[in-house]
Asks: 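Provided herewith is a single structure, encoded as structure tokens, for subsequent inquiry.
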Amino acid sequence: MLLTRDEVLAARERLGGRVRRTPLLAPSASDAVWLKCEFLQHCGVFKTRGAFNRQLTGLERDEIGDAGIVVASGGNAGLAQAFAAHELGIRATVFVPETAPAVKVERIRSYGADVRLVGTEYAEAQQAALELARVHGAAYAHAYDQPEVAAGAGTLAEEVLEDEPDLDTIVVAVGGGGLYAGVAASVRGRARVVAVEPERIPTLHDAIAAGRPVDVEVSGVAADALGARRVGDLAFAAAEAEPPVSVLVAEDAIIEARDRLWSDFRIVSEHGAATAYAAILSGAYTPGPGERVAVVVCGANTDLTTLSD
């Protein structure tokens, strides 16, 4: 299931005019890295790219009928699929855990999707979504482990290297691994990928150690965005093809990175989206001399009242 750059480029062609080309913020004198501002994407999250690619591909293949599209999500994938469905005139049903942040659930509903709260983890919502797809014939959109979804996510890496061709490294956060799989497919042979995970949800790290995807416990401040129980097959195949630099970061480092993105840049970031930046700030990943690094800040769906002044 190794995703290819050709699939990413096909997604980019398909997405023309549907998604925003988000800016790449260059370092100032005091900064060490470029920041890919994907939090400025429609819905405030990179997953909008994959959502459009999945649904447009489904329409091309005549896979989407009256039952529409169904997805399970911790919040962001459901939001993106609901937005894309609204734009394309498709019915959307979104299953989310009962623990999903209210700010995300309400935004999903605002796009006209049928939102159903099931269980306390993404895995439980996923089983319910698969059952609806089986019984009612809705087209299933995976939150991360689907070629169309991952290829759509990978289009942001094409923009990064077009804007700054001499970059050496792209740093991404990993939950289920759709963003990582897409970015890895885009830049394979052209740039290094650093895959950053919370210590409490080490899906890719543990899969690499075990030689296969394995279940992990899910907890911590980033669980609503990075709370997959195991890494996807696409991400694991990407890691086997060209091993990333796998990095784990602590809870306090994620919280500090989110606060710093706000205080230093006035970037509103959810904890999952701050996880990649946490690797740089905490020293979990230290760039080498002269290494040119871009960090993807991939989501902004958060409660603004929790940001420090």
Asks: Working to the nearest 0.5 angstrom, can you tell me the gap between I254 CD1 and L226 CG?
Replies: 7.5 Å
Asks: Just so I know, are the side chains of R21 and D163 near enough to count as touching, which here means a heavy-atom distance under 4.5 Å?
Replies: yes
Asks: Is the backbone of V8 close enough, under 3.5 Å, to the side chain of R12 for a donor and an acceptor to pair up by distance?
Replies: no
Asks: Taking the side chain as everything from C-beta on, heavy atoms only, tell me whether T120 gets closer than 4.5 Å to P97.
Replies: no
Asks: Can a donor-acceptor pair be found, under 3.5 Å and without considering hydrogens, that links the side chain of R192 to the backbone of P244?
Replies: no
Asks: Within the distance-only criterion (no hydrogens, no angle test), does the side chain of T203 pair as donor or acceptor with the backbone N or O of G175 below 3.5 angstrom?
Replies: yes
Asks: Do the side-chain N and O atoms of T155 and E159 include a donor-acceptor pair separated by under 3.5 angstrom?
Replies: no
Asks: Does any donor atom in the side chain of T57 or E60 lie under 3.5 Å from an acceptor atom in the other side chain?
Replies: no
Asks: Determine the sole option in V293, V194, D168 for which the side-chain contact (heavy atoms from CB on, under 4.5 Å) test with P287 is passed.
Replies: V293
Asks: So, E7 side chain and L3 main chain: donor-acceptor pair closer than 3.5 Å or not?
Replies: no
Asks: I want to check something: taking the side chain as every heavy atom from C-beta on, are E291 and T169 in contact at a cut-off of under 4.5 Å?
Replies: yes
Asks: Would a 4.5 Å heavy-atom cut-off, applied to side chains only, mark V96 and R116 as touching?
Replies: no
Asks: Flag this pair as yes if the NZ/CZ of R258 is under 6.0 angstrom from the six-membered ring centre of W262 and inside a 45 degree cone about the axis; otherwise no.
Replies: no
Asks: Check V295, V247, V297, V183 against V171 for a side-chain contact (heavy atoms from CB on, under 4.5 Å) and give me the one that passes.
Replies: V295
Asks: Is the closest side-chain heavy-atom distance between V19 and Q41 below 4.5 Å?
Replies: yes
Asks: For the residue pair L234 and Y180, establish whether any side-chain heavy-atom pair is separated by less than 4.5 Å.
Replies: no
Asks: Answer whether the closest heavy-atom distance between the side chains of F39 and V45 falls below 4.5 Å.
Replies: no
Asks: To the nearest 0.5 Å, how far apart are CZ in R230 and CG in D206?
Replies: 11.5 Å
Asks: Does a side-chain heavy-atom distance below 4.5 Å link E87 with Q55?
Replies: no
Asks: Kindly write out the residues that satisfy salt bridge (Lys or Arg N to Asp or Glu O under 4.0 Å) with R134, not counting sequence neighbours, or none if the list is empty.
Replies: E131
Asks: Under a plain distance cut-off of 3.5 Å, with no hydrogens placed, do E197 and T275 share a side-chain donor-acceptor pair?
Replies: no
Asks: Output the distance between atom CD (E256) and atom OH (Y277), rounded to the nearest 0.5 Å.
Replies: 9.5 Å
